[in-house]
Colleague: 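For reference, the structure I am asking about is given below.
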Amino acid sequence: MKLNKHIRSLKPSATLAINTKVNNLNTRGENIYHFGFGQSPFPIYNSIVKELQKNAENNNYLPTLGLEKLRNQIAVFLKNHQNLKVEKDLVFIGPGSKELLFQTILILDSTFLIPKGSWVSYGPQIQSKGVNYELLETFLQNDFKLTAKELDFYCKQNRKVKQKALILNSPNNPTGAVYSIKELKEIAKVCKENDIVVLSDEIYSQLNFTNTYSPSIATFYPERTIVFGGLSKVFSAGGYRLGYMALPYGLKDLKDTYKSLFSETFSAVASPIQFAAIKAFKMDLKLQKYISIQREILKGVSSYLSLEFTKLNVECTKPEGAFYMTISFEEYKSKIHSLGINTSKELSDYILNNYKVALLPGSDFYFKEEDFFFRLAFVDFNGREVLKSFKKSKKITKEFIKRECSNIYEGMEQIKTFVKSL
Ligand code: PLP
């Protein structure tokens, strides 16, 4: 069968592939420390589930761009909980922010710019429409955050590239880094000078370890920033498959294009889910509290790991949000080479096979294959149980991790054994 050559070359998404591999190993009785998959470990807030149950009989197709009440609610949510002013008519609902990012990539005839250290799916989504993307350099010293200087350098070198679109993600997958207001202001200035469209992936915004939400570039560059978010991370409902995007007023003319493409592809998001999502985005006080406890737990687990890696002389990014950190075994490069291992993919297989720890190789996040960077997701624990214990102890100590997040503790011990073996 002849296939579209741009699609034929795609591999299954690295994050989903590692999950399948680990599940297969687990069913064979091997206990794997699963630092590969970034799914919220916490149960979904009960009144969202109740709302879903209440609407289970709703079998109507809803409007293509989403239920009006939900779109309005998201506009209010963005104002109150992300400090963003968006037009409610320009908020659209889709089956996950991933699909909305993809449809945006399809719609824009742009050159897409991706900072090194970005989410796995942006690149394949761009390539599937038969074009390539441009990588922007980033460095570990700066937690792999894009700087205005690098963006400006690219723009000056590529003046002929007319329409540029930058994909920016904060809090970041795979680094856990959060861009500061200052950094975003500087990037926004370069974007303005070069008329860049920004796809701002803010799916982890409220999972910020020091604040209730993360700064957004849309505050400083509202005219051409499209904001993406959804239920998956902050509301622990990845499987509900509901995301949103907020188009800026400056791009309002694209609304009909989105409407046509949505109507010819997914039609509309499942009705019961849209009703349940209204409850989520209302963000009542109890839900706010619930999310803030999750933030504290994630912060505690990440701080524990950061400290252990520092003691081990393994450099890592400083997680300030989301579920991730990027770790580097570059310090041990020559010793790793002497094992006959030359790429991060080979090393992740080696660590999985010999130490039962699943890490994603940096090459899935646009780092060079030969650089020994890895994404570590620190959510391999039972969120329901950890929430209960945390309510009692109120503090995340090493003993807490050892007792309540034993896979995190033991997985870290395994990594130590690996490093000491070098
Ligand atoms: N963007 C980033 C950075 C992610 O990590 C993910 C999920 O892993 C998504 C987008 C997709 O989220 P959704 O479930 O809304 O499609």
Side-chain angles (χ1 to χ4, degrees), residues 12-20 34-42 44 48 66 70 74 77-78 82 91-105 112 114-126 133 138 143-146 166-179 198-208 214 216-217 226-246 262 265-266 269-270 273-274 276-277 280-281 298 317 319-326 360 364-366 375-379:
S13 163
T15 41
L16 300 179
I18 186 109
N19 203 38
T20 312
H34 195 355
F35 296 169
F37 196 51
Q39 172 166 283
S40 172
F42 301 107
I44 187 163
I48 303 175
L70 173 59
I74 290 172
F77 167 83
L78 287 174
Q82 224 157 306
V91 173
F92 311 151
I93 311 300
S97 61
K98 194 178 206 169
E99 179 66 26
L100 294 172
L101 280 158
F102 181 54
Q103 301 240 352
T104 302
I105 287 167
F112 290 91
I114 304 182
K116 247 188 211 176
S118 285
W119 185 45
V120 270
S121 295
Y122 305 139
Q125 287 195 349
I126 295 163
Y133 51 83
T138 59
D143 289 328
F144 297 113
K145 281 185 275 189
L146 173 69
L166 169 68
I167 308 187
L168 203 66
N169 170 221
S170 175
N172 182 274
N173 178 359
T175 62
V178 173
Y179 284 72
V198 179
L199 280 56
S200 184
D201 182 347
E202 303 183 19
I203 188 91
Y204 296 96
S205 180
Q206 289 74 22
L207 293 181
N208 180 306
S214 308
S216 166
I217 191 167
I226 311 175
V227 175
F228 296 83
L231 286 184
S232 299
K233 313 294 174 180
V234 178
F235 301 98
S236 321
Y240 277 27
R241 307 308 306 128
L242 184 139
Y244 66 80
M245 56 176 283
F262 288 7
T265 50
F266 60 80
V269 170
I273 304 290
Q274 294 206 40
F281 290 109
L298 293 169
T317 55
E320 297 184 306
F323 311 140
Y324 316 100
M325 60 205 292
T326 297
L360 279 185
D364 287 331
F365 301 91
Y366 316 95
R375 187 192 80 173
L376 185 155
F378 44 81
V379 282

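Only a predicted model underlies this, so the values are computations on that prediction, with no experimental measurement involved. We count ligands from 1, going down the list as the structure has it; atoms in each ligand are counted the same way.
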Colleague: Check whether any side-chain heavy atom of R241 lies under 4.5 Å from a side-chain heavy atom of E99, and answer yes or no.
Modeller: no

Colleague: How close does the nearest protein non-hydrogen atom get to atom 14 (O) of ligand 1, and which residue and atom is it?
Modeller: S232 OG, 2.5 Å

Colleague: For Y204 and Y324, I'd like to know if the aromatic rings sit close, meaning centre-to-centre distance below 6.0 Å.
Modeller: yes

Colleague: Below a 4.0 angstrom heavy-atom separation, can you tell me which part of Y204, side chain or backbone, both or neither, approaches ligand 1?
Modeller: side chain

Colleague: May I ask you to check if ligand 1 and S97 share an N or O to N or O distance below 3.5 Å?
Modeller: yes

Colleague: Side-chain contact, heavy-atom cut-off 4.5 Å: W119 with L101?
Modeller: yes

Colleague: For atom 2 (C) of ligand 1, grab the closest protein heavy atom and report residue, atom and distance to one decimal in Å.
Modeller: D201 OD2, 3.3 Å

Colleague: Contact between R241 and ligand 1, counting heavy atoms under 4.0 Å?
Modeller: yes

Colleague: Looking only at distances, please establish whether an N/O atom of ligand 1 is found under 3.5 Å from an N/O atom of K98.
Modeller: yes

Colleague: Looking only at protein heavy atoms, which one is nearest to atom 8 (O) of ligand 1, and how far off is it?
Modeller: K233 NZ, 2.8 Å

Colleague: Considering heavy atoms of the protein only, find what lies nearest to atom 6 (C) of ligand 1 and give residue, atom and distance to 0.1 Å.
Modeller: W119 CZ2, 3.4 Å

Colleague: Establish, yes or no, whether a centroid distance under 6.0 Å links the rings of F365 and F144.
Modeller: no

Colleague: Looking at N169, which atoms of ligand 1 are within less than 4.0 Å of one of its heavy atoms?
Modeller: 3 (C)

Colleague: Is there a side-chain contact between F262 and L100 in this structure, where contact means two heavy atoms from C-beta onward sitting under 4.5 Å apart?
Modeller: yes

Colleague: May I ask you to test the F228-I203 pair for a side-chain heavy-atom distance under 4.5 Å?
Modeller: no

Colleague: Once you restrict to heavy atoms under 4.0 Å, what part of E99 touches ligand 1? Side chain, backbone, both or neither.
Modeller: neither

Colleague: Can you list the atoms of ligand 1 that are under 4.0 Å from a heavy atom of G96?
Modeller: 15 (O), 16 (O)

Colleague: Return the orientation label for the F235 and F281 ring planes: parallel under 30°, perpendicular over 60°, tilted otherwise.
Modeller: perpendicular

Colleague: Would you say the side chain of Q82 lies within less than 4.5 Å of the side chain of S216, judging by non-hydrogen atoms?
Modeller: no

Colleague: Are any of the heavy atoms in G230 under 4.0 Å away from ligand 1?
Modeller: no

